[in-house]
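Right, one structure below, let's go through it.
Throughout, a chain's letter reflects where its sequence line sits, starting with A, and its residues are numbered from 1. If you're wondering where the values come from, they're calculated on a predicted model, not measured in any experiment. Scope of the values below: all heavy atoms of this structure, side chains included, with no hydrogens, waters or symmetry mates.
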There are 2 protein chains.
Amino acid sequence: MAAYPPLNSLRAFEASIRLNSFSLAAEELNVTPGAVGQQIKKLEDWLGMELFTRSVRQVRPTADGLDYAARIGPALRQIVDASQQVRGRSDRSVRVVMPPSFAAKWFSRRMARFLIDYPTTSLHVGSQSQMIDFNRDPVDIAVRYFDGCDDSLETVLLYRGRAAAYCAPSYRDHMGVAKPSDLVRATLLNDILHAWWPEWLGAYAGVSAADVSTITQIEIDQTSMAIEAAIHGQGVVLANPLLTEEDIAEGKLVHLFPEQVLTVPFGYYLVHPKNRALRGQVKLFRDWLLAEAQELASD
Amino acid sequence: MAAYPPLNSLRAFEASIRLNSFSLAAEELNVTPGAVGQQIKKLEDWLGMELFTRSVRQVRPTADGLDYAARIGPALRQIVDASQQVRGRSDRSVRVVMPPSFAAKWFSRRMARFLIDYPTTSLHVGSQSQMIDFNRDPVDIAVRYFDGCDDSLETVLLYRGRAAAYCAPSYRDHMGVAKPSDLVRATLLNDILHAWWPEWLGAYAGVSAADVSTITQIEIDQTSMAIEAAIHGQGVVLANPLLTEEDIAEGKLVHLFPEQVLTVPFGYYLVHPKNRALRGQVKLFRDWLLAEAQELASD
DNA sequence: TTCAATGAAATAGAAAAGCTATATCATGGC
DNA sequence: GCCATGATATAGCTTTTCTATTTCATTGAA
């Protein structure tokens, strides 16, 4: 299965087609004309066809040659472009991925500071909730919401997972929610990723798991949408205090029972592959992010 | 301007990323693992970045490596595909280009015969009126309507250019066209490429160039459209008898003055570059086409 | 017409690249 | 604890690739 043509010959071929001359191509490639001729011949032998017709003092591409050039030209250009780009940036860039809710509610407000402190860094932020695979996706470092157990990863806890109850102020007043057990009359917004209502109600309202299911619930598969729904008076959401900071400050949400915050066995972890040397800027970013998280955790 | 990465290294790199192992890549490439390692290192040195992190007993791609792989992968695949295709067909294919009118009116009816006689041949027919450049377009041979003078080309006259007058039978009867000079009352369909009305009328109707311009004319830039217009009773067209064969046979057109056919200094020529060895199938095609033309010319 | 200049082919030998073989090493499974 | 594994490192060998030269047929200028 010798699927590849002699790749180095393609360089000589491309230049020869473009310049219509082995000599000029040789000049461009800083070799002798003979070398180009030999490369072309090798390619012709491999392909089993003539790419140029040789007449005296000049070569001219055959139809086959032109056809082949048209097919491989773009590919070669792509290789050159990709190599240039990769060679250029890289050291100055950091690729990070995090859950959408974390990106929207926590990271977005702090990102600008990083870029100001490290102006030469180019930051590529991806947001997705499914776990990325460092062996398949071009990502340097990630924030992941999980239990922190993964042998292949270096993990640092940013924030322990917590579940606190939030709703719109008007919703609280309208429903007359004053103590945890009042929630049996409310609508529970149940975010799949933070589905801790049974535990929360069990711990703070003395509601059994069976009774929980009798309460009106809305399932929402995106954390930020669940919070958004709470803001719009659709019910009460269990969320990590991290994610509601801003909405609380703006008065859109109220924290219903500040004393009743459930600690859950999940957390926001900063993760990167074990044994992978972090490039300079990635390390900077990591340290910065840890410091930012520390600051808030000390509140 | 060393724009190209070491191309051969890309093979080893691609396989290593795909298989996540230098050893497996080496196996696939039929070399020793050491060779792969050296190739990868060479590429890393050229790019100035780590593509894999080496831990004991295993390598793992870095984010940069995955990114680079994603960029060059498609390009490599394109090169392989193009090479396979080109290698495969080629000898059995013929690429020919001809004017649209010739393709539609003359060639299309004969093409099938060629494919039946030479069933293994794959024929790529292009039709365009502008002159193709054998040094830029992947074309083996062409039919060109011109004066036959081009030092860089081998030319064989297929048909001398002729200008004969045609119109729909109904149009002839309705306009009462009986002799050439009656055409001063008709509408002349003037095809840019065969604009011989002044010469024709001068030779056969004794009409001066100045008087020709007083006759109603419609300019049409495509020969087959001019003929089509004549079929639909829009006027009288000057065309090469070659192109009207079928329409005459079907009674859609009539040849107005069979004795008055102007020979013009153009013609349909079969052309291919001088000094370009014609591949087997192209030669066959050329001979077949010449024979077909001969047959008709002897009528 | 002659004659130098041109651009490619052919070939031998030098240089470079690439591969193998081997030794070494750290780890994970038995 | 020991062996198998899959990487690295290095030296030396093989193959590839390039250069240097000669040869050749033609073009274009004198």
Original post:
So does A:Ser21 get a side-chain nitrogen or oxygen closer than 4.0 Å to the phosphate oxygens (OP1/OP2) of C:dA8?
Top reply: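 For C:dA8, OP1/OP2 do have a side-chain N/O of A:Ser21 under 4.0 Å.
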
Original post:
Given D:dT8, is OP1 or OP2 found less than 4.0 Å from the side-chain N or O atoms of B:Lys41?
Top reply: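 No.
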
Interatomic distance, [X] [atom1] vs [N] [atom2] [rounded to whole Å]:
X	N	atom1	atom2	result
A:Phe52	C:dA9	CZ	C1'	15 Å
B:Arg60	D:dA7	CZ	P	13 Å
B:Leu10	C:dA17	CG	C1'	16 Å
A:Arg54	D:dC24	CZ	C1'	16 Å
B:Trp46	C:dA17	CH2	C1'	18 Å
B:Gln39	C:dA17	CD	P	11 Å
A:Asp45	C:dA9	CG	P	13 Å
A:Glu50	C:dA9	CD	P	10 Å

Under the salt bridge (Lys or Arg N to Asp or Glu O under 4.0 Å) rule, collect the residues that match up with [X], sequence neighbours excluded.
X	answer
A:Asp287	none
B:Glu28	B:Arg18
A:Asp150	A:Arg144
A:Arg136	none

Taking distance alone, no hydrogens or angles, what donor-acceptor pairs closer than 3.5 Å link side-chain atoms of residues 32-40 of chain A to residues at least two apart or in another chain?
| from | atom 1 | to | atom 2 | distance (Å) |
| --- | --- | --- | --- | --- |
| A:Gln39 | OE1 | A:Ser9 | OG | 2.7 |

Original post:
For DNA chain C, which residues in residues 23-38 of chain A have a heavy atom at a distance below 4.0 Å?
Top reply: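 Of all residues in residues 23-38 of chain A, the ones placing a heavy atom under 4.0 Å from DNA chain C are A:Ser23, A:Gln38.
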
Original post:
Taking it one step at a time, do B:Phe102 and B:Asn240 satisfy side chain to side chain contact (heavy atoms under 4.5 Å, CB included)?
Top reply: CA-CA 10 Å; B:Phe102 192 81; B:Asn240 191 305; over 6 Å; no

Original post:
Among all residues two or more places apart in sequence or in another chain, which pass the side chain to side chain donor-acceptor pair (under 3.5 Å) test with A:Glu199?
Top reply: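 A:Glu199 satisfies side chain to side chain donor-acceptor pair (under 3.5 Å) with no residue once adjacent residues are dropped.
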
Original post:
Where along nucleotides 25-30 of chain C does protein come under 4.0 Å, by heavy atom, of base (B) or sugar-phosphate alone (S), with - for untouched nucleotides?
Top reply: -BB---

**OP:** Measure up the A:Tyr145 and A:Phe266 rings against each other and bin them: parallel (under 30°), tilted (30 to 60°), perpendicular (over 60°).
**Re:**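 It falls in the tilted class, 30° to 60°.
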
Original post:
Mind checking what makes side-chain contact (heavy atoms from CB on, under 4.5 Å) contact with B:Pro74, not counting sequence neighbours?
Top reply: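 Applying side-chain contact (heavy atoms from CB on, under 4.5 Å) to B:Pro74 gives A:Gln78, B:Arg77.
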
